[in-house]
Protein chains: 2
Amino acid sequence: MVSPAEASAACCAPLAQQPIPAPAAGALAQAFKALGDPIRLQLMSMIASAPDGEICVCDLTPAFTISGTTISHHLKVLREAGLIDGERRASWVYYRARPELMRQLSALLAVGEPVPA
Amino acid sequence: MVSPAEASAACCAPLAQQPIPAPAAGALAQAFKALGDPIRLQLMSMIASAPDGEICVCDLTPAFTISGTTISHHLKVLREAGLIDGERRASWVYYRARPELMRQLSALLAVGEPVPA
DNA sequence: CGGTGACTTCGACATGAGTCGAGGTTGACA
DNA sequence: TGTCAACCTCGACTCATGTCGAAGTCACCG
């Protein structure tokens with residue numbers, strides 16, 4: 001679980017600009033680790049690119065050969081990393097991406113062009 | 001190990017724009033997994049932000065409490081993920097970041113602003 | 001109220017990953 | 001040639017993680 005405090009403490013300076021302090025590294029590494037599995041990466045992309053901004057678990061599950069139980073586990077990992085949010089509506093559960101953290105990770109990996117003198 | 005072919009096949013469309021195909025997901029997940037450890041994330045940031053663009057292992061090791069063996073292991077993981085490159089010069093080994101993959105990962109995580117009608 | 005469908009949680013198992021100490025390799029230097 | 005320092009590889013251990021089936025919860029619908 002990543003607390004908002006940890007997440008913002010970890011904030012924005014690009015990796016290539018200054019070393020990450022140890023506490024921030026822990027919080028950020030959790031997010032990267034969550035993306036460090038092919039199935040979770042696909043889940044994440046399916047959720048983030050969903051036309052309505054959200055997608056039903058019942059639309060995710062059939063795209064994989066693994067069991068629904070395992071899908072559910074992976075969604076939990078993404079949820080606990082702060083990358084997605086789930087909401088139950090009627091019988092179904094819908095997930096949507098949380099862009100803040102994605103933006104933060106993207107910024108972290110940003111590489112400046114070679115310094116132009 | 002990520003081959004150049006895999007890496008470029010995985011290329012550039014942001015996560016939030018279209019779902020990642022399964023083969024690309026495998027290659028990219030490996031890179032994220034490599035960053036998904038606090039120590040490796042700190043190593044990566046120390047290497048990427050090194051003033052001379054490179055840094056000696058002997059300057060990395062004392063920043064941590066774990067053994068040199070383990071540092072070496074983590075560097076290998078980053079190397080095999082295609083995130084860094086190592087080179088032996090005289091008695092020392094120097095590492096430098098490989099910006100291409102970093103840029104690719106950053107682009108993948110990029111989130112567009114909400115579509116302005 | 002009971003049944004059914006859509007998840008999630010629980011418990012168990014096999015595999016993977018982080019860690020270390022011991023020992024190998026490479027290069028400098030006397 | 002021998003020695004020493006820096007780093008890597010190997011083998012072993014422990015703990016974390018991906019996976020599944022079974023059972024639980026929640027909500028709709030007869």
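Every chain is numbered from 1, with letters handed out A, B, ... down the list of sequences.
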With rounding to the nearest 0.5 angstrom, report the [atom1] to [atom2] distance, [X] to [Y].
| X | Y | atom1 | atom2 | result |
| --- | --- | --- | --- | --- |
| B/L83 | B/L43 | CG | CG | 11.5 Å |
| B/L15 | A/L41 | CG | CG | 5.5 Å |
| A/M102 | B/L108 | CE | CG | 7.5 Å |
| A/I47 | A/E54 | CD1 | CD | 11.0 Å |

The side chain of [X] lies closest to which of these nucleotides: [options]?
| X | options | value |
| --- | --- | --- |
| B/R88 | C/dG27, C/dC7, C/dT19 | C/dG27 |
| B/R40 | C/dG18, C/dA28, C/dG21 | C/dG18 |
| A/V57 | C/dT9, C/dA28, C/dC7 | C/dC7 |
| B/H73 | C/dA6, C/dT19, C/dT9 | C/dT19 |

Min and max contacting nt of DNA chain D in 5' to 3' order, chain B heavy atoms within under 4.0 angstrom, are D/dA6 to D/dC10

Assess the residue pair B/M44 and A/F32 against the criterion (side-chain contact (heavy atoms from CB on, under 4.5 Å)); give the C-alpha distance rounded to whole Å, side-chain angles, the decisive distance to 0.1 Å, and a yes or no.
CA-CA 13 Å; B/M44 188 68 212; A/F32 283 122; over 6 Å; no

Reckon [X] has a side-chain N or O less than 4.0 Å from the OP1 or OP2 of [N]?
| X | N | result |
| --- | --- | --- |
| A/K33 | C/dA17 | no |
| B/T70 | C/dC20 | yes |
| A/Y95 | C/dT8 | yes |

Measure [atom1]/[X] against [atom2]/[N] and give the value in whole Å, please.
| X | N | atom1 | atom2 | answer |
| --- | --- | --- | --- | --- |
| B/R89 | C/dT26 | CZ | P | 19 Å |
| A/I71 | C/dA6 | CD1 | P | 15 Å |
| A/H74 | C/dT9 | NE2 | P | 15 Å |
| A/L75 | C/dC7 | CG | P | 10 Å |

Any base atoms under 4.0 Å from A/I39, or only sugar-phosphate, or nothing? Heavy atoms, all strands.
sugar-phosphate

*What does A/I66 touch in the nucleic acid at a heavy-atom separation under 4.0 angstrom: a base, only the sugar-phosphate, or nothing?*
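Answer is sugar-phosphate: A/I66 comes under 4.0 Å of backbone atoms only.
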
When you compare the side chain of A/L35 with that of A/L105, does any pair of heavy atoms fall below 4.5 Å?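 Yes, their side chains come closer than 4.5 Å.
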
Assign each of B/S72 and A/T65 the nucleotide of DNA chain D bearing its closest heavy atom; nearer the 5' end lies the nucleotide of B/S72

Closest to the 5' end of DNA chain D, once B/T61 and A/A90 are matched to their nearest nucleotides, is B/T61

Using the side chain to side chain donor-acceptor pair (under 3.5 Å) definition, which of the options B/R79, B/R40, B/Q42 pairs with B/H74?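 Going through B/R79, B/R40, B/Q42 one by one, the side chain to side chain donor-acceptor pair (under 3.5 Å) with B/H74 is satisfied by B/R40 alone.
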
